[in-house]
Each structure stands twice: as C-alpha cells, then as structure tokens.
**Q** 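I have a structure I would like to understand better, so I am pasting it below and will then ask my questions one at a time.
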2 protein chains.
Amino acid sequence: MRESATERLTATAARLFQERGLTRVGINEIIREADVARMSLYNNFKSKEDLALAAYSAVSKNRQDAVDAAIAASDGPEAAILAIFDLAVDLASRASFRGCAFIDLAAHAGLNDARLLDLARGHKAALRGRFSRLAQQAGRSDPETLARQLLALWDGSLTDAFIEGDTAPISAARSAAEHLLRQGE
Amino acid sequence: MRESATERLTATAARLFQERGLTRVGINEIIREADVARMSLYNNFKSKEDLALAAYSAVSKNRQDAVDAAIAASDGPEAAILAIFDLAVDLASRASFRGCAFIDLAAHAGLNDARLLDLARGHKAALRGRFSRLAQQAGRSDPETLARQLLALWDGSLTDAFIEGDTAPISAARSAAEHLLRQGE
DNA sequence: CGCTAAATAGACCGACTTGTCTATCCGGTG
DNA sequence: CACCGGATAGACAAGTCGGTCTATTTAGCG
C-alpha cells in the first residue's frame with residue numbers, strides 16, 4: 001500500500017509551494033497531483049492554511065537537517081559556515097528554484113495567518129541560531145552580529161540568484177562570508 | 001484642479017503595491033483610493049499589469065533618485081556606500097514596510113508577465129551598478145564581486161528586517177559592508 | 001457472504017477577481 | 001441656452017478560489 005493521503009498531501013503541497021509559492025497553488029492542483037479526493041484533504045486538514053502549515057514545517061525541518069548534516073561533516077566552525085553557503089548553491093541550482101520559500105511565505109502570509117508568519121520567522125531564527133552557535137565556537141566576541149550578517153548574505157544571495165537566474169550572487173556571498181570570518185577572529 | 005487621473009492612479013497603485021504587494025491589492029481598492037471611476041482606469045491603462053508597470057517604474061525611479069542623492073551628498077565612495085545602507089534603515093523604519101517591493105514583485109510576477117520581472121531585474125541591476133561604480137571609484141580590483149556582496153547584504157537585510165520586525169539586520173549589514181570595504185582596498 | 005466505515009468523484013456555494021458595457025451626468029465651448 | 005465629449009457609477013460577464021455536501025464506490029473484516 002502506498003503512503004497515506006496525509007503524507008501524499010503534505011509532500012505534494014511542500015513541493016508545489018516551494019516551486020510556485022503558497023498563493024499561486026490552489027487546492028484543486030494539490031489534490032490532483034497528490035491523487036486524493038477533495039474531501040480527503042478536508043478530512044485530514046481543517047483548511048488550506050493548516051495543510052500549508054504542515055507542508056512548510058516539513059520543508060523547514062528538511063532544510064535544517066541538511067544544514068546540520070553539513071555542519072557535522074565539516075572540520076571546524078569556519079568550514080561549517082562556508083559549507084552552509086555551499087548548500088545554497090545546491091538549492092539555487094535546481095531548475096524550479098524561485099528564491100527562499102520562507103521569504104515568499106512571510107511576504108504573503110503576514111496579514112492573513114499569524115501561524116504561517118511565525119513559522120517563517122522560526123525558520124529564519126533557526127538558521128540564524130546555527131550561524132550564531134558556529135560563530136561562538138569560532139571564538140567570536142559578537143556572534144549575534146556575525147550571525148545576522150551571514151543570514152543577510154544567505155537570504156540576499158538566494159534572492160538575487162533567483163532574480164538574476166544565476167548562482168554568481170551566492171559565490172560572491174560565500175567569499176564575503178570568508179572575509180567576515182577572517183576579519184574579527 | 002487636482003492632478004490627473006493617470007497620476008492619481010499611478011501614485012495610489014505605487015503606494016498600495018509597496019504596502020501589500022501586487023497581488024494582494026485589487027483594482028477595486030485602487031480606484032476607490034484614487035477616487036477614480038473604473039473605466040477611467042481602463043481608458044488610461046490597458047490592464048492592471050500595465051498600471052503596475054507604471055507604478056513600479058515610478059517607485060524604482062524614486063528609489064534610484066534617493067540613492068543618487070545620498071551618493072552625491074557623501075564624501076567619497078566608501079562613505080556613499082554606507083550612506084546607501086542608511087537609506088535602508090529609513091525604508092525599513094516606515095510602519096508599512098514589508099520588505100523590498102521588487103523582491104515581492106519578482107517572486108510574484110515571474111510566471112505571468114515578463115515585463116514586470118524585467119522591471120524587477122532592472123531595478124536590482126541598477127542598484128548593483130551603482131555599488132559597482134562606487135567600488136571602482138574606491139579603487140577595488142574586483143568591483144563586480146563587491147557589488148554583488150553589497151547587493152546581497154542590502155536585499156537580505158531588508159528582508160530580514162521585515163521578517164523580524166526590527167532594523168537590527170540592517171545595522172549588522174552596514175557594519176559588514178564596512179568590513180568588506182576595509183578588507184580588500 | 002454481508003455489513004460497516006472510509007474514501008471517492010463531482011456538483012455546488014458564496015465570495016472574490018479582472019475586465020466590459022451601458023446609461024447618466026457634468027463641464028467647457030459656441 | 002444647447003450641445004457634446006469625457007468622466008462617472010454601477011450592473012454585469014466570466015473565471016478562480018476555498019470550502020461544503022451528497023451520493024456512490026471501495027475496502028476491511030467477522
């Protein structure tokens with residue numbers, strides 16, 4: 001037996017929301033792609049926003065796991081930070097890449113559903129927290145500021161990579177991160 | 001006599017689109033706020049996207065003028081670059097701030113209308129071009145890379161400032177720009 | 001087999017969207 | 001005053017959206 005309707009719905013919604021954003025994907029398309037009846041969606045989720053909450057949570061968890069794996073595979077905090085930027089290149093190299101899904105989510109969900117905005121905030125805070133921890137392990141005196149700088153480089157370079165259709169902004173951001181790491185050690 | 005319908009429509013659309021984004025503002029709201037009849041909109045613009053094109057073009061021009069004014073008022077290219085980041089603080093301090101309007105535009109218009117995506121691309125390229133010129137004036141050997149780094153810091157910090165609801169990311173980005181300027185002079 | 005409970009397809013609803021059409025009104029000009 | 005072109009309000013069309021409901025089929029199980 002194949003995976004449950006809930007799993008198929010969550011996975012399909014996660015994929016479509018990443019590819020085109022929350023508001024540009026309707027439930028008709030989701031249930032068609034997930035091969036699930038309309039009522040099966042509403043039997044498993046109270047609303048589209050509840051489904052979105054589950055889908056984006058799964059995406060967030062996957063991203064954080066990938067970041068943690070990259071950190072674990074790296075030799076020291078500085079290398080780990082650069083390895084995280086290498087992940088961004090992977091993300092942006094996918095054909096369907098359209099910028100960070102959580103930026104789009106925050107821009108879109110802000111006014112309607114506080115839960116979705118909180119999820120986007122939490123995702124960014126989680127990444128920033130990892131940067132901060134690594135900066136602290138690298139012996140930085142002000143790890144929070146460095147973490148904010150690295151997060152801005154991450155978010156901005158992913159955004160610019162989408163707008164330009166090229167990964168050059170991410171490479172540049174990675175080298176900026178190297179400079180910042182060398183600066184105040 | 002007050003300003004023309006075209007001017008009122010463009011100004012109103014520019015304001016609303018900045019506040020809430022292209023797709024979250026309908027023409028009904030625009031014509032109501034602009035105090036213009038429905039048909040007056042369609043007599044002056046072929047479609048909502050044509051109005052959006054005019055509105056976002058005006059916003060882009062205003063932003064570029066503000067950047068140029070900040071550059072002109074600065075003492076040297078390094079100071080000019082930092083002055084541009086001070087502009088970001090002003091932008092993000094407005095109560096209605098919801099991140100860079102052109103990032104939202106690019107994310108949203110990408111699939112529907114190539115003209116709007118090109119406008120967003122052009123806006124980012126214009127800012128990047130100014131960073132590049134300043135970097136060159138500062139005697140940098142690789143002004144393009146520095147320009148990309150500064151643009152990523154700009155876009156990322158504006159985005160993070162919106163998501164966090166605080167201007168701290170911009171201050172951090174500004175100090176990162178200072179570091180980058182000191183680094184490879 | 002027969003029963004039950006769940007999953008299904010699809011009609012349907014109300015709200016909302018952009019865009020068109022029509023009928024009216026207002027202001028400037030001869 | 002009479003006229004006329006442009007602006008007006010608002011009905012309307014055609015489509016999409018999220019969500020509900022019903023009638024039917026399917027699947028599990030004693």
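Both backbone and side-chain heavy atoms feed into the values below; hydrogens, waters and symmetry mates do not. So you know, we letter chains A, B, ... as the sequences are listed, proteins then strands, and number each from 1.
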**Q** To the nearest angstrom, how far is B:Arg32 atom CZ from D:dA9 atom P?
**A** 13 Å
**Q** A:Ser132 side chain to A:Arg128 main-chain N or O, any donor-acceptor pair under 3.5 Å?
**A** no
**Q** Given 3.5 Å as the limit, does a donor-acceptor pair link the side chain of B:Lys48 with the main chain of B:Leu22, or not?
**A** yes
**Q** Report the distance from atom CG of B:Asn43 to atom P of D:dG5, rounded to the nearest whole Å.
**A** 15 Å
**Q** Side chain of A:Arg98, backbone of B:Ala107: donor and acceptor closer than 3.5 Å?
**A** yes
**Q** Would you kindly give the CG-to-P distance between A:Leu53 and D:dG18, to the nearest whole Å?
**A** 16 Å
**Q** Roughly how many Å is it from CG in A:Leu41 to P in C:dA7, rounded to a whole number?
**A** 13 Å
**Q** Does a donor on one side chain and an acceptor on the other come within less than 3.5 Å for B:Gln18 and B:Ser96?
**A** no
**Q** Just the atom pairs and distances: protein N or O near nucleotides 9-19 of chain C's N or O, under 3.5 Å.
**A**
| from | atom 1 | to | atom 2 | distance (Å) |
| --- | --- | --- | --- | --- |
| C:dT18 | OP1 | B:Ile27 | N | 3.4 |
| C:dT18 | OP1 | B:Lys48 | NZ | 3.0 |
| C:dT18 | OP2 | B:Ile27 | N | 3.0 |
| C:dG19 | OP2 | B:Tyr42 | OH | 2.9 |
| C:dG19 | OP2 | B:Lys48 | N | 2.8 |
| C:dG19 | O5' | B:Tyr42 | OH | 3.4 |
| C:dG19 | N7 | B:Arg38 | NE | 3.2 |
| C:dG19 | N7 | B:Arg38 | NH2 | 2.9 |
| C:dG19 | O6 | B:Arg38 | NE | 3.1 |
| C:dG19 | O6 | B:Arg38 | NH2 | 3.1 |

**Q** Do any side-chain nitrogens or oxygens of A:Ser40 fall under 4.0 Å of OP1 or OP2 in C:dT8?
**A** yes
**Q** Would you confirm whether B:Thr12, through its side chain, and B:Leu9, through its main-chain N or O, come within 3.5 Å as a donor-acceptor pair?
**A** no
**Q** Specify the separation, in whole Å, of atom CG of B:Leu9 and atom P of D:dA7.
**A** 11 Å
**Q** Does a side chain donor of either A:Ser60 or A:Gln64 reach within less than 3.5 Å of an acceptor in the other side chain?
**A** yes
